[in-house]
*Asks:* 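Quick one: structure below, then a few questions.
Numbering of ligands and ligand atoms starts at 1, following listing order. The basis for the numbers below is simple: all heavy atoms, side chains too, and nothing from hydrogens, waters or symmetry mates. Starting from 1, each residue takes its place in the sequence as its number.
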Amino acid sequence: MAGRSLAVVILAAGQGTRMKSALPKVLHPIGGRPLISHVLDAAAGLSPESIIAVVRHERARVTEVITNHAPHTTIVEQDEVPGTGRAVEQALAALPASFDGSVVVLSGDVPLIDVATLERLTRGHVEHGRGMTLLSAVSEDPTGLGRILRDGNGAMLGIVEEKDASDAQRRITEINGGIYVFSRHALQRALAEIDTNNAQAEKYLTDAAARILAAGGVVDAVATDDPWLIAGVNDRVQLADAGRELNRRIIEAHQRAGVTIQDPATTWIHADVTIEPDVELLPGTHLHGATSIATGAIIGPDTTLVDCEVGENVRIRRSEATLAVFSPGAQVGPFSYIRPGTELGAGGKIGAFVETKNAKIGDGSKVPHLSYVGDATIGADSNVGAGTIFANYDGVAKHHTEVGDAVRIGSKNVLIAPVTIEDGVYTAAGTVVRKDVPSGALAMNVAPQRNVHGWVAENRPGTSSAQAAESNGKERA
Ligand code: UD1
Ligand code: CA
């Protein structure tokens, strides 16, 4: 096909005043990543010869995020002349003079645009030999957006920005979505003629429509029936709206791929999360970052996983975990707090009110109740009794605890690191382990128990305890 060569320009120079934020608008996240990264992905989906991003406001921060996400992006800095037209004009200067293909223009603040729509728009543009094709939508509330002007036959005449529009023009409901395909040379000629003589004293990209028509070119707006594709983010209300819609789309895609999601309204899944079929997500589940969930796992309710790897048939209930690996069949929760570096072996358990950090817990090993396991390695098939603390911090530095295979740590132990407990050891309830324990030994340091007879009657006369003790004594007598 002629004119197959393609470049994409992404506009990201604006400040985003209406966000009222120290963070540049295009860096605000939805679906767990900056707005601009969603647009970069859409651009990359077209496999263009080049992607050019135009930056100005907070250019160092914006550039860093762009080049981290898409290293081959060409960065162009916009000068002091304001406006979307100026931004694109400067981007074109970064293209080789010989490039005469199509230029797709995207906005860094329109994050839900998808590859299929851009492909269709670009194909139509080329097939109809247009100078400009833009994506429009009919909107019940067009406030703030550019309006598409058409003659009585429906032929497009141009675009008028709301601030420059007459009352009659403001009643037009077909709006400019800010997503365009241009022919490079038609666009470049048009931009050279555009001035800043308008209500915002900016060089408007939208003025290219009337200029291309005046030069004898063909221009059209193609309406989409999915207004979310062109939803712009200009303030925090629109940020939340776009984020919710993105989440809805992500959830629907997982459901169609075989994931059971009981309550989409309270389930939040970031864009980079992967989930195999026959996973079940219960209400209030949040899957963030690069989390992956293998088949058969059941997560939730009320669980947040950040950058976690969850194996087959794992069960996690009412818990929070970051940078953790759960091997197949492991069980977690309720109310576990799992911090970075936790690895739970196959069939292992981290139970109720247990906190872990930098802890490798072997296959079949269990920490069922009320414990802290920090900076530790536990072998296979060991059990840690309720209320046990791995005391890893001496006030200055963190130290490591090593526990072998088939160890039975009694309830309410304190294991003072650095310390090693070898294979097959038992420790008595309440033991404070300060010395290494050799294989097969029982460690204990409990003081002998003494019962002081009659102490309650003597020291707590008349209390319910004393009465209970007295009647018990009579019964026994
Ligand atoms: C723009 C369109 C409007 C359309 C709307 C759709 C113009 C003049 N108006 O208005 O017709 O309905 O998008 O969302 O184009 N930017 C730069 N450099 C600048 C100014 C802006 O790179 O000097 C970037 C911004 O960072 C943003 C994008 O261009 O990503 C759009 O700018 P914005 O100010 O949000 O334009 P709108 O007022 O939304
Ligand atoms: Ca905008």
*Asks:* Considering only protein heavy atoms, which is closest to atom 39 (O) of ligand 1, and at what distance to one decimal place?
*Replies:*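 Heavy-atom neighbour on the protein nearest atom 39 (O) of ligand 1: Asn234 OD1, 4.0 Å.
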*Asks:* What protein heavy atom sits nearest atom 26 (O) of ligand 1, and how far off is it?
*Replies:*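 Of the protein heavy atoms, Gly14 N, 2.8 Å lies nearest.
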*Asks:* Is there at least one pair of N or O atoms, one from Ala87 and one from ligand 1, spaced under 3.5 Å apart?
*Replies:*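 No; every N/O pair is 3.5 Å or more apart.
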*Asks:* Just to be sure I'm reading this right: ignoring hydrogens, which of Ser107, Ala231, Ser136, Gly177 gets closest to atom 14 (O) of ligand 1? Compare them by their nearest heavy atoms.
*Replies:*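 It is Gly177 that holds the nearest heavy atom.
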*Asks:* Can you check whether a protein heavy atom sits less than 4.0 angstrom from atom 6 (C) of ligand 1?
*Replies:*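 True for atom 6 (C) of ligand 1.
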*Asks:* Under 4.0 Å from any heavy atom of Ala12, which atoms of ligand 1 are there?
*Replies:*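 Ligand 1 atoms under the 4.0 Å threshold to Ala12: 22 (O), 26 (O).
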*Asks:* By number and element, which atoms of ligand 1 are closer than 4.0 Å to a non-hydrogen atom of Lys25?
*Replies:*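 That gives atoms 35 (O) of ligand 1.
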*Asks:* For atom 12 (O) of ligand 1, what is the nearest protein heavy atom, given as residue, atom name and distance?
*Replies:*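 Ranked first by proximity to atom 12 (O) of ligand 1 is Asn176 O, 2.6 Å.
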*Asks:* Is Asp109 close to ligand 1, meaning an N/O of one under 3.5 Å from an N/O of the other?
*Replies:*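 Yes, at least one N or O pair falls under 3.5 Å.
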*Asks:* Is Val115 close to Leu118 at the side-chain level, that is, under 4.5 Å between some pair of heavy atoms?
*Replies:*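 Heavy-atom side-chain distance check fails, nothing below 4.5 Å.
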*Asks:* Salt bridge check, Arg18 against Asp109: does any charged N sit closer than 4.0 Å to a carboxylate O?
*Replies:*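 Result for this pair is no, no salt bridge flagged.
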*Asks:* Does any part of the side chain of Thr377, heavy atoms only, come nearer than 4.5 Å to the side chain of His400, both counted from C-beta?
*Replies:*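 Yes, close enough: below the 4.5 Å cut-off.
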*Asks:* Is atom 36 (O) of ligand 1 close to the protein, meaning a heavy atom under 4.0 Å from it?
*Replies:*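 Not a single protein heavy atom is under 4.0 Å away.
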*Asks:* N/O of Gly178 under 3.5 Å from N/O of ligand 1, yes or no?
*Replies:*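 Not met; the criterion fails.
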*Asks:* If you compare all heavy atoms of Ala7 against all heavy atoms of Pro48, which two are closest, and at what distance to 0.1 Å?
*Replies:*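 Closest heavy-atom pair between Ala7 and Pro48: CA-CB, 4.3 Å.
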*Asks:* Strictly below 4.0 Å, N to O, side chains only: are Asp220 and Arg150 in salt-bridge contact?
*Replies:*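 A salt bridge links Asp220 with Arg150.
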*Asks:* Using a strict threshold of under 4.0 Å (side-chain N to carboxylate O), is an ion pair present between Glu64 and Arg61?
*Replies:*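 Looking at Arg61 and Glu64, the cut-off is not met.
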*Asks:* Check whether any side-chain heavy atom of Leu35 sits under 4.5 Å from a side-chain heavy atom of Leu239, and report yes or no.
*Replies:*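 Side-chain contact under 4.5 Å: yes.
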*Asks:* Do Thr84 and ligand 1 have an N or O pair less than 3.5 Å apart?
*Replies:*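 Yes, Thr84 has an N/O under 3.5 Å of an N/O on ligand 1.
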*Asks:* Pick one of side chain, backbone, both or neither for how Arg86 approaches ligand 1, counting any non-hydrogen atom pair under 4.0 Å.
*Replies:*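 No part of Arg86 comes within reach of ligand 1.
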*Asks:* Please check if the side chain of Thr73 supplies one atom and the backbone of Ile52 the other of a donor-acceptor pair under 3.5 Å.
*Replies:*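 No: the side chain of Thr73 does not pair with the backbone of Ile52.
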*Asks:* Could you enumerate the protein N, O or S atoms under 3.0 Å from the Ca ion (ligand 2), written like residue then atom name?
*Replies:*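 Near the Ca ion (ligand 2), below 3.0 Å, one finds Asp109 OD2, Asn234 OD1.
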*Asks:* Ignoring angles and geometry beyond distance, decide whether Leu205 reaches within less than 3.5 Å of ligand 1 through its nitrogen or oxygen atoms.
*Replies:*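 N/O-N/O distance under 3.5 Å: no.
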*Asks:* Under the salt bridge (Lys or Arg N to Asp or Glu O under 4.0 Å) definition, can you give me all pairs with a residue in residues 332-359, not counting sequence neighbours?
*Replies:*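 Found Arg339-Glu355, Glu343-Lys360, Lys357-Asp375.
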*Asks:* I'd like to check Tyr180 versus Thr206 (side-chain heavy atoms, cut-off strictly below 4.5 Å). Are they in contact?
*Replies:*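 Yes - at least one pair of side-chain heavy atoms lies under 4.5 Å apart.
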*Asks:* Report yes if some heavy atom in the side chain of Gln90 is under 4.5 Å from a heavy atom in the side chain of Glu77; otherwise report no.
*Replies:*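 Heavy-atom side-chain distance check fails, nothing below 4.5 Å.
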*Asks:* Is atom 33 (P) of ligand 1 touching the protein, meaning some protein heavy atom lies under 4.0 Å away?
*Replies:*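 Protein heavy atoms within 4.0 Å of atom 33 (P) of ligand 1 - there are none.
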*Asks:* Give the residue and atom name of whichever protein heavy atom lies nearest to atom 23 (O) of ligand 1, and the separation in Å to one decimal.
*Replies:*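 Protein heavy atom at minimum distance: Gly83 N, 2.7 Å.
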*Asks:* Which ligand 1 atoms, with their elements, are less than 4.0 angstrom from a heavy-atom of Tyr204?
*Replies:*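 Atoms satisfying the 4.0 Å criterion: 8 (C).
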*Asks:* Restricting to pairs with a member in residues 336-380, which pass ring pair (Phe, Tyr, Trp, His ring centres under 6.0 Å), not counting sequence neighbours?
*Replies:*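 Every pair satisfying ring pair (Phe, Tyr, Trp, His ring centres under 6.0 Å) with a residue in residues 336-380: Phe335-Phe353.
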*Asks:* With rounding to the nearest 0.5 angstrom, report the CD to CG distance, Glu245 to Leu229.
*Replies:*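 The CG atom of Leu229 is 9.0 Å from CD of Glu245, to the nearest 0.5 Å.
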*Asks:* Do Arg249 and Glu252 sit within salt-bridge range, that is, some charged N less than 4.0 Å from a carboxylate O?
*Replies:*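 A salt bridge is absent here (no side-chain N lies under 4.0 Å from a carboxylate O).
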*Asks:* Are any of the N/O atoms in Ile159 less than 3.5 Å from those in ligand 1?
*Replies:*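 There is no such contact.
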*Asks:* Judging by distance only, is a nitrogen or oxygen of Thr206 under 3.5 angstrom from one on ligand 1?
*Replies:*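 Looking only at distances, the answer is no, because the N/O contact criterion of under 3.5 Å is not met.
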*Asks:* Give yes or no for whether the N/O distance cutoff of 3.5 Å, strictly under, is met between Gly146 and ligand 1.
*Replies:*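 Min N/O separation from ligand 1 is below 3.5 Å for Gly146.
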*Asks:* Show every salt bridge (Lys or Arg N to Asp or Glu O under 4.0 Å) that has at least one partner inside residues 185-201, sequence neighbours left out.
*Replies:*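 Matches after skipping sequence neighbours: Glu193-Arg211.
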*Asks:* Who's the nearest protein heavy-atom neighbour of atom 29 (O) of ligand 1, and how far?
*Replies:*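 The closest heavy atom on the protein side is Leu11 CB, 3.3 Å.
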*Asks:* Identify the closest protein heavy atom to atom 1 (C) of ligand 1: which residue and atom is it, and at what distance?
*Replies:*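 Result: Glu161 OE1, 4.6 Å.
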